[in-house]
Amino acid sequence: MIISMTGFGRGEAAENGLNATVEIKTLNSRFLDISIRLPQQLQQKELELKELFQKSINRGKLNVNVNLTQQDNAQPSIKIDTTKVQFYANLLNEVRDVAGIEESIKVKDIISFGDIFISEEEDGDEQEKWDLVQKATFLAIENLMEMRNQEGGQLKNDLLSRIAEIEQSVSHIESVTEGRAEEIRKKLLDRIQLMVENENLDKERLELEVAILVDKMDITEETVRLAAHLKFFKEAVDQPQPAGRRLNFLTQEINRELNTIGSKANDSGIAHHVVRAKEMLEQIREQVQNVE
């Protein structure tokens, strides 16, 4: 399965006048690296939030931003300090009595003491906030994975098209090398026979040396292994598990076989196809870095 490591997801949840927003941005990374910005009242929940991401995401650098805000139409969280109200009422009555004022005290007289109103802690219930953040997080992860899967589909198509081009190059190489070992052997024998006197030639020894040289120049094993690596690459693309690490390994193995073919072949036609295949492989290597 091809899943891109780059993406963005946003989730919102609202309840009882409180609004939670979670935004996730992901980038390439060899491992899972999670960075979270939380409101002060939920700092102790960072580890639990990371565990939520670890259940859905295997690799990538995650930048997570969590916000909690009070809705505009929410009721103000204010209550009255009844102790102070009673105290100020008694105090004003004493002042009225001492001053000989007959007028009774009014509400406006008491509210002139600003500290009779207490703003309830805006944090509210911690569990309620955490539940709301979790809902927003699940939505953000869902949106993120949808985007990463869409980009992964595009990556898959691109990777398979480039693998097909490498397979075409391998097919050309195989057609060029068909019967090449016998041809190389004959040419070597002819050249050696021209260089030495026939009566001093140990034909068995000559055949052995030529066989060793031909074997060193034969690329049949390399083309077979290369074809197998390409087959495994296509299988890894379609497997249900994240394929990034395996694709990276197979890319290295494909590059190894191409290098060996290029060095052993000693043929300009084969070298041309090897260069073309390596160009495609370099583009594949860059794309694989984006795969989870």
Side-chain angles (χ1 to χ4, degrees), residues 1-11 22-38 43 45-66 133-134 136-167 222 225-260 262 274 277-292:
M1 173 182 266
I2 298 298
I3 302 174
S4 173
M5 277 195 284
T6 60
F8 174 80
R10 189 174 191 274
V22 177
E23 292 184 342
I24 313 168
K25 295 179 182 178
T26 61
L27 301 171
N28 300 347
S29 178
R30 290 182 61 192
F31 308 102
L32 182 58
D33 181 11
I34 306 173
S35 177
I36 302 177
R37 293 180 60 185
L38 278 167
Q43 287 294 322
K45 295 292 186 179
E46 181 174 353
L47 182 59
E48 292 182 56
L49 196 58
K50 284 185 176 181
E51 290 176 351
L52 292 181
F53 292 115
Q54 290 168 353
K55 293 177 180 178
S56 303
I57 301 170
N58 293 282
R59 283 208 304 164
K61 180 175 177 57
L62 277 65
N63 293 312
V64 183
N65 191 31
V66 179
V133 166
Q134 288 186 89
T137 299
F138 290 134
L139 288 173
I141 292 175
E142 182 180 339
N143 292 330
L144 171 69
M145 295 308 297
E146 181 179 353
M147 181 176 181
R148 282 160 58 107
N149 284 327
Q150 288 177 352
E151 291 191 7
Q154 296 172 356
L155 280 173
K156 175 182 176 179
N157 293 334
D158 184 75
L159 289 171
L160 290 177
S161 68
R162 298 186 192 282
I163 286 293
E165 293 199 42
I166 295 179
E167 287 178 323
E222 286 75 13
R225 284 197 297 267
L226 180 54
H229 292 327
L230 295 173
K231 175 177 177 289
F232 294 150
F233 192 102
K234 292 189 293 185
E235 290 175 353
V237 164
D238 287 323
Q239 70 180 8
Q241 298 80 17
R245 288 189 173 90
R246 185 172 186 189
L247 293 181
N248 186 59
F249 169 76
L250 288 170
T251 301
Q252 295 174 21
E253 293 302 303
I254 293 170
N255 185 63
R256 192 194 316 278
E257 299 301 339
L258 286 172
N259 284 336
T260 304
V274 169
K278 292 189 72 172
E279 288 176 354
M280 289 296 102
L281 185 63
E282 184 58 33
Q283 295 172 14
I284 288 173
R285 192 202 309 273
E286 292 177 1
Q287 293 287 50
V288 166
Q289 303 309 310
N290 297 323
V291 178
E292 182 179 272

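What's counted below: heavy atoms across the whole structure, side chains too, no hydrogens, waters or symmetry copies.
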Under the salt bridge (Lys or Arg N to Asp or Glu O under 4.0 Å) criterion, do K231 and E235 qualify, and how do the steps go?
CA-CA 6 Å; K231 175 177 177 289; E235 290 175 353; 2.7 Å; yes

Are the charged groups of E46 and K50 less than 4.0 angstrom apart, N to O?
yes

Report yes if the side chains of K25 and L62 come closer than 4.5 Å at any heavy-atom pair, otherwise no.
no

With rounding to the nearest 0.5 angstrom, report the CZ to CG distance, R285 to N248.
8.0 Å

Gap between atom CD of E142 and atom CG of L144 - 0.5 Å precision:
11.0 Å

H229 NE2 to L258 CG distance, which is reported to the nearest 0.5 Å
10.0 Å

If only atom types and distance count, is the side chain of R59 paired as donor or acceptor with the main-chain N or O of V291 below 3.5 Å?
yes

Is the shortest heavy-atom distance from the side chain of I24 to the side chain of N63 under 4.5 Å?
no

The reported gap from CG in L250 to CZ in F233 (rounded to nearest 0.5 angstrom) is 7.0 Å

Steps toward salt bridge (Lys or Arg N to Asp or Glu O under 4.0 Å) verdict (R225, E222):
CA-CA 5 Å; R225 284 197 297 267; E222 286 75 13; 3.7 Å; yes

Please check: side-chain N/O of E292 versus main-chain N/O of I2, any donor-acceptor pairing under 3.5 Å?
no

side-chain contact (heavy atoms from CB on, under 4.5 Å) assessment of N157 paired with L155:
CA-CA 5 Å; N157 293 334; L155 280 173; over 6 Å; no

Salt bridge flag under 4.0 Å for residues K278 and E282:
no

Does some side-chain heavy atom of R148 sit less than 4.5 Å from a side-chain heavy atom of I57?
yes

Residues in side-chain hydrogen bond (donor to acceptor under 3.5 Å, both in side chains) with N65, at least two apart?
none

Distance from Q150 atom CD to S4 atom OG, nearest 0.5 Å?
11.0 Å

Between N143 and L139, is there a donor-acceptor pair closer than 3.5 Å when you use the side chain of the first and the backbone of the second?
yes

Atom pair CG/CG of L226 and N255 - distance to nearest 0.5 Å:
10.5 Å

Side-chain ion pair, R162 and D158, N-O less than 4.0 Å:
yes

E23 vs F8 side-chain heavy atoms within contact, under 4.5 Å
yes

Any ion pair linking K156 and D238 (charged N to carboxylate O, less than 4.0 Å)?
yes

Has T26 got a side-chain atom pairing as donor or acceptor with M5's backbone, closer than 3.5 angstrom?
yes

Steps toward side-chain contact (heavy atoms from CB on, under 4.5 Å) verdict (V66, R37):
CA-CA 6 Å; V66 179; R37 293 180 60 185; over 6 Å; no

Do E151 and T6 make a side-chain contact, defined as non-hydrogen atoms from C-beta onward lying under 4.5 Å apart?
yes

Minimum heavy-atom distance between G60 and S29, given as atom pair plus value:
C-CB, 3.6 Å

Q289 versus N28, side-chain donor and acceptor atoms under 3.5 Å:
no

Heavy-atom distance under 4.5 Å between the side chains of F31 and K61, does that happen here?
no

Could you tell me which non-hydrogen atom of A140 sits nearest to which non-hydrogen atom of G11, and how far apart they are?
CB-N, 3.6 Å

Run T251 and I284 through side-chain contact (heavy atoms from CB on, under 4.5 Å) and show every step you take.
CA-CA 8 Å; T251 301; I284 288 173; 4.2 Å; yes

Steps toward side-chain contact (heavy atoms from CB on, under 4.5 Å) verdict (L52, F138)
CA-CA 8 Å; L52 292 181; F138 290 134; 4.0 Å; yes

